[in-house]
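In what follows, a single structure is set out as structure tokens and then discussed.
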Amino acid sequence: MNLVLLGPPGAGKGTQAKKLSDYYGIPHISTGDILRTAVSEGTALGLKAKEYMEKGLLVPDDLIMGIIGERLEKPDCRKGFVMDGFPRTINQAEGLKKLLDEKNTKLDAVVYFDVPKGELIERFTGRRVCGRCGATYHVRYNPPSRENTCDKCGSELIIRADDKKETVEKRISVYEDETKPLIQYYEKEGLLISIDGTKPIDEVFEELISLLRGEKR
Ligand code: ADP
Ligand code: AMP
């Protein structure tokens with residue numbers, strides 16, 4: 001199963017990608033996670049990406065396509081993948097198509113998470129992530145069992161540097177300008193499935209699975 005999760009920042013893509021990854025036994029590929037690791041490790045990629053991420057801007061397409069090209073070469077991708085946060089521009093979508101063509105494969109579906117802006121802000125404000133394993137929580141909607149502690153690895157939860165109010169507003173406007181056109185792009189390709197992302201996490205997941213089974217398509 002080759003999946004792309006599309007939607008505004010904070011829509012719940014990462015949360016559902018992790019669940020889909022467990023359910024289908026396919027890797028979760030998050031360009032945001034890969035970039036955050038590169039920044040924290042101070043690699044050449046991280047040094048280049050940091051200034052864009054801090055400002056809420058997109059990291060240049062050539063760097064992103066390099067990450068994806070390399071990631072898709074790994075053997076675990078033979079079973080498929082669930083991409084979250086990529087592609088984010090038409091140019092990246094074209095690049096992905098080319099990479100998949102070269103491997104004689106293609107996308108099975110692109111899921112668009114529909115969540116209104118007001119709710120996105122609420123989600124950012126309460127988002128907490130594990131500084132070590134990247135697990136995502138929400139203080140109200142998906143709290144950890146012990147305050148500020150990751151259920152999976154016991155490490156401390158942190159607030160993402162780009163979840164502060166000014167950066168969030170910028171990220172949403174960058175999404176509107178550069179990523180939203182992908183909805184129409186994938187609709188034309190006949191790949192788009194839309195989902196109401198405002199429901200509780202488990203309901204969104206059930207709906208997702210049933211849509212992907214083709215029951216409601
Ligand atoms: P994205 O990867 O699209 O940026 P996340 O998966 O990180 O979004 O979710 C953003 C925040 O919203 C997180 O704190 C997460 O726990 C919470 N969240 C995700 N899905 C839902 C949902 N369906 N209802 C309420 N909160 C959610
Ligand atoms: P995310 O974790 O998906 O919210 O991404 C966090 C930040 O990483 C974004 O605001 C961008 O700066 C950068 N980023 C992640 N994925 C991409 C991408 N596909 N293209 C460009 N920039 C990206």
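Only this structure's heavy atoms are used, side chains among them; waters, hydrogens and symmetry mates stay out. We count ligands from 1, going down the list as the structure has it; atoms in each ligand are counted the same way.
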Taking heavy atoms and a distance under 4.0 Å, where does A17 meet ligand 1: side chain, backbone, both or neither? neither

Below 4.0 angstrom from a heavy atom of Q92, which ligand 2 atoms are there? Numbered from 1 as shown, please. 18 (C), 19 (N), 20 (N), 21 (C)

Taking atom 11 (C) of ligand 2 as the reference point, the nearest protein heavy atom with its distance: L57 O, 3.5 Å

Would you say ligand 1 has an N or O under 3.5 Å from any N or O of R128? no

Quick check on K13 - does any of its heavy atoms sit under 4.0 Å from an atom of ligand 2? no

State if G7 counts as touching ligand 1 under the rule of any non-hydrogen atom under 4.0 Å. no

Within the structure, is a non-hydrogen atom of K55 found at a distance of less than 4.0 Å from ligand 2? no

Is ligand 2 under 4.0 Å from a heavy atom in the side chain of R127, in the backbone, in both, or in neither? neither

At what distance is the nearest protein heavy atom to atom 13 (C) of ligand 2, and which residue and atom is it? L35 CD1, 3.6 Å

Determine whether R36 and D33 satisfy the following criterion, salt bridge (Lys or Arg N to Asp or Glu O under 4.0 Å), listing intermediate values before the conclusion. CA-CA 5 Å; R36 277 184 289 279; D33 284 350; 2.9 Å; yes

Just to verify, what does K117 make a side chain to side chain donor-acceptor pair (under 3.5 Å) with, not counting sequence neighbours? E169

Out of Q16, R123, K19, whose heavy atom is nearest to atom 22 (C) of ligand 1? R123

Could you tell me which atoms of ligand 2, counted from 1 in the order shown, lie closer than 4.0 angstrom to a heavy atom of I64? 17 (C), 18 (C), 19 (N), 20 (N), 21 (C), 22 (N), 23 (C)

Do L107 and L96 have side chains that approach each other closer than 4.5 Å (heavy atoms only, starting at C-beta)? yes

Would you mind listing which atoms of ligand 2 come within a distance below 4.0 Å of any non-hydrogen atom of D162? 6 (C)

What part of V59, side chain from CB on, backbone N/CA/C/O, both or neither, has a heavy atom under 4.0 Å from ligand 2? both

Considering distance alone, does some N or O of Y52 sit under 3.5 Å from an N or O of ligand 2? no

Can you tell me the protein heavy atom closest to atom 8 (O) of ligand 2 and the distance? M53 CE, 3.5 Å

Kindly say whether D163 contributes a backbone atom to a donor-acceptor pair with the side chain of T167 at under 3.5 angstrom? no

Would you say T136 has any N or O atom under 3.5 Å from an N or O of ligand 1, going by distance alone? no

Checking heavy atoms under 4.0 Å, the part of L58 that sits near ligand 2 is both

Please report whether ligand 2 has a polar contact with S30, defined as an N or O pair separated by less than 3.5 Å (distance criterion only). no

I'd like to check whether G14 has a polar contact with ligand 1, where a contact means an N/O of the residue lying under 3.5 Å from an N/O of the ligand. yes

Taking Y137 for its side chain and D151 for its backbone only, find out whether a donor-acceptor pair lies under 3.5 Å. yes

Suppose we measure from atom 18 (C) of ligand 2 to each protein heavy atom; which comes out shortest, and what is that distance? R88 CD, 3.4 Å

Under a 3.5 Å distance rule, please check whether K152 uses its side chain to pair with a backbone N or O of C133 as donor and acceptor. no

Do T31 and ligand 2 have an N or O pair less than 3.5 Å apart? yes

To the nearest 0.1 Å, how far is atom 8 (O) of ligand 1 from its closest protein heavy atom, and which atom is that? G12 N, 3.1 Å

Heavy atom under 4.0 Å from ligand 1: found in Y137's side chain, backbone, both, or neither? backbone

Among protein heavy atoms, which lies nearest atom 10 (O) of ligand 2, and at what distance? R171 NE, 3.9 Å

Under a 4.5 Å cut-off applied to non-hydrogen side-chain atoms, are I209 and Y24 in contact? yes

List ligand 2 atoms under 4.0 Å from R160, heavy atoms only on the residue side. 1 (P), 2 (O), 4 (O), 6 (C)

Ligand 1 and T198, any nitrogen or oxygen pair closer than 3.5 angstrom? no

Would you mind running through ligand 1 and noting each atom that sits below 4.0 Å from a heavy atom of Y141? 25 (C), 26 (N)

Say whether, by atom type as modelled, one donor and one acceptor occur between the side chain of H138 and the main chain of E122 under 3.5 angstrom. yes

